[in-house]
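Comments concern the structure below.
Nothing here was measured: the structure is a model prediction, and the numbers come from that model. Along the sequence shown, the residues carry numbers beginning at 1.
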Amino acid sequence: MSSSSNSSMNSANEQELYKRVRLGDYQCGQRSCKKGNVYVDDKPVCDDEWDDDDAQVVCRELGFMEGGYATKESYFGSVDLENQSGLDQVMCSGRESSLLDCRHETFDDCGNGEGAGVVCYGDDDDGGGYGNYSSSGNSYDRYGNSYDDEEASNLLTSTGQITIPSGWRDLSPSTYKAGEFCMAGVWEGGPTAGVGEHQAIAVACEPCQSEVFCSAVREMFVQTKKERDPEIVVNDREFGSDSLVRIADKNEDEAVNFDEFKAAAKDYVGKVFNFLDSDEDGYLDEDVSIKSLSAKLFLKALDETYLFLDVNQDDILSVDDAPTGAFRDRNDDGKISLREVFRVSLINLPAPLYRLYATLDRDKNEKISFEEATNFIKGTLYVIDQNEDCSISTDEIIATLKESKLPSEYQLAMKLLGDYYITLADFCLRKVVMAADVDGDKKTSMAEIIAMKDPSVFHSVINVAEKMGEPHMRTSEFLIGEGRRYSRDQSEAVQEMWLNVLYDFVDNSKYDSVPDNFCQLE
């Protein structure tokens with residue numbers, strides 16, 4: 001067979017595969033939408049095991065060569081999986097040329113709310129900021145307003161409900177009941193989409209939905225609580241639920257409602273803001289950076305750690321603070337020791353690890369008091385802070401590890417990775433800060449950040465982080481001695497090297513000579 005014949009057949013096969021895989025349930029106003037629920041042979045794909053690797057294959061197959069990310073739970077509208085079987089348990093490596101080449105099952109046990117979807121990277125297919133989402137044929141503009149188009153069916157259900165997809169990836173849509181929105185045939189200053197015969201605009205006034213912070217917190221609240229519970233309550237099977245209730249429950253009813261959850265989230269955002277506000281003037285400048293971390297930050301982080309993890313609030317972290325059933329009492333003596341947790345006596349740990357433990361737990365009682373943890377943090381900062389400016393930088397960390405006999409090539413690897421990720425983090429941080437500066441004075445207040453209304457900047461920085469977050473895999477593999485290029489002996493040699501560096505680091509005499517007034521840390 002000639003090469004031209006082979007080429008023709010390959011092209012025909014590719015076109016046939018392309019026709020079998022399509023996106024649906026999203027009206028973008030273009031010939032080829034870049035997002036939607038995934039269909040194969042006009043049957044929806046189930047979201048069991050569905051992830052970003054699968055989405056990459058679908059997007060490239062449909063011509064979006066930059067790939068994309070996965071959505072689940074029928075993000076773009078309900079699908080019909082109860083009356084027919086679609087692909088299930090799809091597991092792509094990310095390198096396949098078609099979704100049909102991926103491992104999958106042809107029979108599913110999924111419901112209509114378990115449709116798999118994708119959002120492909122590329123230019124917006126409708127020219128809008130976020131696109132017009134369609135759920136069961138109804139479209140929504142960037143303000144969350146609903147409207148029908150010529151090709152869409154009416155979303156309004158017989159019970160009078162209407163659903164608007166979330167502006168946040170993989171999160172639940174908002175459902176509005178009859179009486180929570182109104183219908184209008186004409187709206188002056190509203191969406192530009194035409195409203196034709198038998199069509200109307202659904203208008204709902206919800207301040208929280210229009211604010212990025214509030215809407216994001218509400219999505220987190222919905223994801224955190226049980227579906228049938230109106231509030232977050234203590235659940236012994238879920239790690240951290242008791243701590244969350246203890247911290248956020250202000251009315252002492254042993255539950256956290258949305259207002260309490262929002263107040264707690266705002267409090268944490270405020271703490272981060274205050275840390276970034278290095279000159280304490282109440283504003284973040286456009287050149288805000290995390291290249292140098294204040295010593296006080298580490299002690300504040302320690303405070304928050306004990307506040308969340310110290311369940312019985314005795315200023316001691318121990319196995320007693322772990323969730324019920326997390327560890328097994330192997331000798332049935334009614335107590336759980338660290339030996340039972342690690343399945344080895346602490347004294348038999350490798351010398352560097354035992355030295356680290358002994359430096360942290362000074363009395364070696366297998367409990368870390370807040371005072372012990374504070375002294376350890378102060379000692380570590382005292383060791384690293386070589387220019388005595390009460391802040392820590394990447395260069396100081398590398399210089400300290402050099403003193404602990406870290407080989408020069410590993411110092412270089414840490415320098416490359418550290419500089420890269422700090423630069424990436426600074427870029428994302430500054431992009432958000434500048435977007436929040438609505439009055440253009442190049443100073444962003446906490447109030448401006450909380451009141452942000454346009455989520456596109458967050459989608460932008462997430463996209464940047466996802467695309468550029470793993471650029472130095474070989475450098476990372478070299479640093480830890482893992483990957484296909486490393487034999488078992490080579491990996492063990494790298495691990496031994498790091499253990500020796502750790503031993504020299506925690507054996508530093510500065511741990512025993514921290515000044516009482518070091519950086520005025522209390």
Side-chain angles (χ1 to χ4, degrees), residues 6-28 30-81 84-126 131 133-134 165 168-171 459 462-471 473 483-484:
N6 280 326
S7 175
S8 299
M9 289 192 65
N10 289 337
S11 176
N13 290 335
E14 290 174 359
Q15 291 178 3
E16 185 63 30
L17 287 173
Y18 176 83
K19 292 178 181 178
R20 295 182 64 185
V21 179
R22 67 173 179 86
L23 303 183
D25 306 315
Y26 172 83
Q27 302 295 327
C28 64
Q30 302 291 326
R31 184 175 182 179
S32 178
C33 293
K34 70 171 187 177
K35 60 188 81 173
N37 293 325
V38 178
Y39 287 78
V40 174
D41 296 333
D42 292 327
K43 297 178 180 179
V45 175
C46 180
D47 65 8
D48 291 344
E49 304 295 337
W50 188 255
D51 60 21
D52 288 348
D53 287 336
D54 308 317
Q56 293 282 352
V57 173
V58 171
C59 289
R60 289 199 304 269
E61 182 175 1
L62 297 179
F64 300 100
M65 304 314 295
E66 295 184 32
Y69 59 82
T71 66
K72 304 179 74 169
E73 298 180 355
S74 299
Y75 182 79
F76 295 101
S78 180
V79 300
D80 184 11
L81 278 168
Q84 61 182 332
S85 291
L87 297 191
D88 191 13
Q89 303 288 333
V90 177
M91 288 180 282
C92 302
S93 68
R95 297 185 295 272
E96 294 86 353
S97 59
S98 169
L99 187 67
L100 296 168
D101 295 332
C102 303
R103 292 176 54 191
H104 63 269
E105 300 290 338
T106 56
F107 178 82
D108 72 81
D109 57 355
C110 302
N112 293 343
E114 297 179 80
V118 298
V119 175
C120 301
Y121 298 130
D123 294 335
D124 283 340
D125 40 35
D126 58 4
Y133 291 88
S134 172
W168 299 92
R169 181 189 309 177
D170 294 336
L171 296 182
H459 296 308
I462 290 172
N463 187 29
V464 169
E466 287 180 339
K467 289 185 176 180
M468 303 177 67
E470 296 183 356
M473 291 304 297
R484 290 180 295 178

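- Using a 4.5 Å heavy-atom threshold, the side chains of P44 and Q84 count as touching.
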Checking side-chain contact (heavy atoms from CB on, under 4.5 Å) for the pair N112/S74: CA distance, chi angles, key distance, verdict?
CA-CA 7 Å; N112 293 343; S74 299; 5.8 Å; no
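- The line from CE of M91 to CD of E96 is 11.0 Å long, rounded to the nearest 0.5 Å.
- E66 meets the salt bridge (charged side-chain N to carboxylate O under 4.0 Å, His left out) test with K467; sequence neighbours excluded.
- For the atom pair SG (C120) and CD (Q56), the distance works out to 9.0 Å, reported to the nearest 0.5 Å.
- Panel note: side chain N37, backbone G77; a donor-acceptor pair is recorded below 3.5 Å.
- Contact check for T71 versus V118: no side-chain heavy atoms found under the 4.5 Å cut-off.
- Atom-to-atom distance recorded for R60:CZ and S98:OG is 11.0 Å, nearest 0.5 angstrom.
- Note: K35 NZ to L23 CG = 11.0 Å, rounded to the nearest 0.5 Å.
- Separation of atoms CG (D53) and SG (C92) is listed at 7.5 Å; rounding is to 0.5 Å.
- Here the closest heavy-atom approach between residue A70 and residue A55 is recorded as N-CB, 3.6 Å.
- D47 and Y75 share no donor-acceptor pair across their side chains, judged by distance under 3.5 Å alone.
- Within 6.0 Å of the CD atom in E105, the count of heavy atoms belonging to other residues, nucleotides or ligands does not exceed 12.
- Proximity of L87 to W50: side-chain heavy atoms (C-beta onward) are nowhere separated by under 4.5 Å.
- A 4.5 Å side-chain heavy-atom check between D101 and V57 finds every atom pair outside the cut-off.
- Note that CZ of R22 and CD of E61 are 13.5 Å apart. Values are rounded to the nearest 0.5 Å.
- Taking both residues in full, the closest heavy atoms of D54 and V90 are given as OD2-O, 3.5 Å, listed atom of the first, atom of the second, then distance.
- With R103 contributing its side chain and Q89 its backbone, the two residues share no donor-acceptor pair below 3.5 Å.
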